[in-house]
Amino acid sequence: MKKTLLATLCLFSSGLIASTSVMAAQEPTVSPRVMNGETATAGLLPWQVMVFGNSGTLCGGSIISDHWIVTAAHCTFRIDEDTGKKITMLQAGDYIFAGTTNPHTSGGYLDGSKATKIAQVITHQGYDPTVRATRFDNDIALIRVDESLFARGGKAIRIATIAEQQAADRQFENSYVEGQDSPATLIASGWGHLGTEDKTSNDLQVVKLAGIPDSKCKVSQKFNGNYFVCADSNRASVAKDVCRGDSGGPLVWQNPSNAKDNDKGLRLVGATSNGPYCSFKSQGYASGNGLYTQVPHYRDWIETNSGLALDTQPKASYAKDPFEIVKNTPPAKPKQPSSNSDSGSGGGGSMPLFGLAALGLIGLLRRKK
């Protein structure tokens with residue numbers, strides 16, 4: 001673990017979210033954000049939400065019903081390395097931003113008028129980051145809000161069934177070619193750091209990836225394939241990934257049998273969990289694939305804790321198919337965040353009052369395997 005800076009934030013009565021203090025914190029070896037992706041157009045990913053905690057937590061999440069969201073367990077708490085105490089990172093009263101690709105004001109601050117308050121956070125009881133061998137297992141949590149997410153412009157995405165997850169696994173097995181270009185079988189997204197720059201983006205970013213069979217997944221420790229989906233760039237010559245700040249965000253697969261349906265056959269198969277630091281990966285200093293919590297594995301847990309009947313949830317109607325719109329290759333020049341300077345109090349991206357160091361390490365970010 002290395003020492004980092006963690007920004008502590010609060011929502012002022014003005015409706016702007018701003019920095020109030022900077023404190024030292026222990027960061028797990030986690031790193032989540034979008035690298036070499038592109039800006040998502042309005043309405044392209046209506047299930048995506050930003051999860052923001054007054055502790056400084058910045059994560060993503062997926063709408064699964066009018067009042068429920070799936071995110072990562074590691075967005076909700078951490079264990080202090082020195083004291084062994086549990087530190088809450090997300091709780092009732094924190095914020096969800098739904099139905100928008102840019103939850104900021106023109107000045108770059110998070111816009112409190114676009115926020116929905118969290119009513120309840122439920123972390124999987126089996127998530128235990130203190131046991132190194134299994135510290136990424138059960139990395140899933142639920143968030144409940146009292147206000148309608150649909151009224152905010154959000155739309156739910158269906159969680160893949162076990163049969164659909166098995167179909168996705170077969171597709172990955174048949175389509176992924178190590179070291180060569182492969183078909184894009186997955187889409188990930190978030191507002192986290194851009195892998196090519198030490199900045200966040202005000203605008204939601206999206207990237208196409210290739211699903212990787214468990215037998216070909218390159219990670220630094222053994223993992224249970226029932227708990228995770230493995231993914232990485234589908235282009236051999238281009239590093240593409242999600243990164244710091246994208247934790248808990250959606251990994252989406254398209255069921256080809258339902259691609260003509262109103263919901264385009266889009267299914268939630270993963271929540272961003274852990275992988276190599278993008279800053280190292282983009283420069284060739286690190287390799288390894290990303291792991292995403294396999295959400296279908298937790299269907300029973302989700303139903304038990306939310307009271308939802310997932311099979312009977314109505315299908316949403318999406319105007320756009322991201323698999324048709326998102327490019328296989330990033331723009332020639334990666335997206336420049338609509339932020340301010342790189343140093344001093346200017347910071348960059350979502351919370352411009354941070355210095356660059358604080359921005360680079362905000363929240364409990366996607367772990368590195």
Side-chain angles (χ1 to χ4, degrees), residues 9-11 17 45-78 86-100 103 110-127 138-160 189-191 245-252 267-273 292-316 363-364:
L9 309 175
C10 70
L11 185 67
I17 294 178
L45 311 167
W47 51 83
Q48 170 88 49
V49 301
M50 177 188 285
V51 179
F52 183 79
N54 284 326
S55 66
T57 302
L58 172 65
C59 284
S62 303
I63 299 172
I64 59 170
S65 79
D66 198 10
H67 296 89
W68 287 96
I69 293 161
V70 168
T71 189
H74 77 260
C75 293
T76 68
F77 77 89
R78 67 180 179 87
K86 179 179 177 179
I87 307 297
T88 298
M89 302 187 68
L90 196 69
Q91 59 190 337
D94 287 338
Y95 304 98
I96 297 294
F97 293 86
T100 179
L110 286 171
D111 186 350
S113 69
K114 297 179 180 178
T116 300
K117 283 194 175 183
I118 293 173
Q120 183 182 15
V121 177
I122 304 173
T123 304
H124 195 285
Q125 67 279 2
Y127 173 68
N138 304 308
D139 189 10
I140 190 169
L142 290 169
I143 296 171
R144 179 177 61 81
V145 297
D146 287 336
E147 180 183 342
S148 168
L149 296 167
F150 297 167
R152 285 284 187 178
K155 293 185 177 182
I157 185 168
R158 291 177 71 87
I159 296 173
S189 51
W191 283 274
D246 293 327
S247 291
L251 184 69
V252 176
R267 302 290 184 263
L268 182 67
V269 295
T272 302
S273 180
Y292 301 75
T293 300
Q294 189 177 118
V295 178
H297 178 74
Y298 297 94
R299 284 176 63 94
D300 290 346
W301 179 83
I302 291 169
E303 289 187 327
T304 297
N305 286 276
S306 68
L308 297 173
L310 296 178
D311 288 337
T312 61
Q313 289 294 300
K315 289 185 179 182
L364 196 154

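In this chain, residues are counted from 1 in sequence order.
Side-chain contact between Leu142 and Val121 is absent, with no heavy atoms from C-beta onward closer than 4.5 Å. With a 4.5 Å cut-off on side-chain heavy atoms, Ile143 and Ile96 count as touching. No side-chain heavy atom of Tyr95 sits less than 4.5 Å from a side-chain heavy atom of Val51.
Within the 3.5 Å criterion, the main-chain N or O of Thr272 finds no donor-acceptor partner in the side chain of Ser247. Put simply, the side chain of Asp246 never gets that close to the backbone of Cys59: no donor and acceptor are under 3.5 Å apart. Formation of a donor-acceptor pair under 3.5 Å by the Ser62 side chain with backbone atoms of Ala271 is not found in this model. Looking only at distances, no side-chain donor or acceptor of Asp94 sits under 3.5 Å from a matching main-chain atom of Gly53. Judged purely by atom type and a 3.5 angstrom limit, Ser306 uses its side chain to pair as donor or acceptor with the backbone of Leu308.
A salt bridge links Glu147 with Arg152: at least one charged nitrogen is closer than 4.0 Å to a carboxylate oxygen. Under 4.0 Å is where a charged nitrogen must lie from a carboxylate oxygen, and between Asp311 and Arg299 at least one such pair does.
If you check the side chains of Ser148 and His67, you find no donor sitting under 3.5 Å from an acceptor. A side-chain donor from one of Gln125 and Trp301 sits under 3.5 Å from a side-chain acceptor of the other.
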Worked verdict on Asp146 versus Thr116 for side chain to side chain contact (heavy atoms under 4.5 Å, CB included) = CA-CA 8 Å; Asp146 287 336; Thr116 300; over 6 Å; no
Given side chain to side chain contact (heavy atoms under 4.5 Å, CB included), test Trp68 with Val145 step by step and report yes or no.
-> CA-CA 7 Å; Trp68 287 96; Val145 297; over 6 Å; no
Taking it one step at a time, do Asp139 and Ser273 satisfy side-chain hydrogen bond (donor to acceptor under 3.5 Å, both in side chains)?
-> CA-CA 7 Å; Asp139 189 10; Ser273 180; 2.7 Å; yes
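Taking the ring axis of Phe97 as reference, the NZ or CZ atom of Lys114 does not stay both within 45° of it and closer than 6.0 Å to the ring centre.
Qualifying side-chain hydrogen bond (donor to acceptor under 3.5 Å, both in side chains) partners for Thr123, counting only residues two or more places apart in sequence or in other chains: Thr76.
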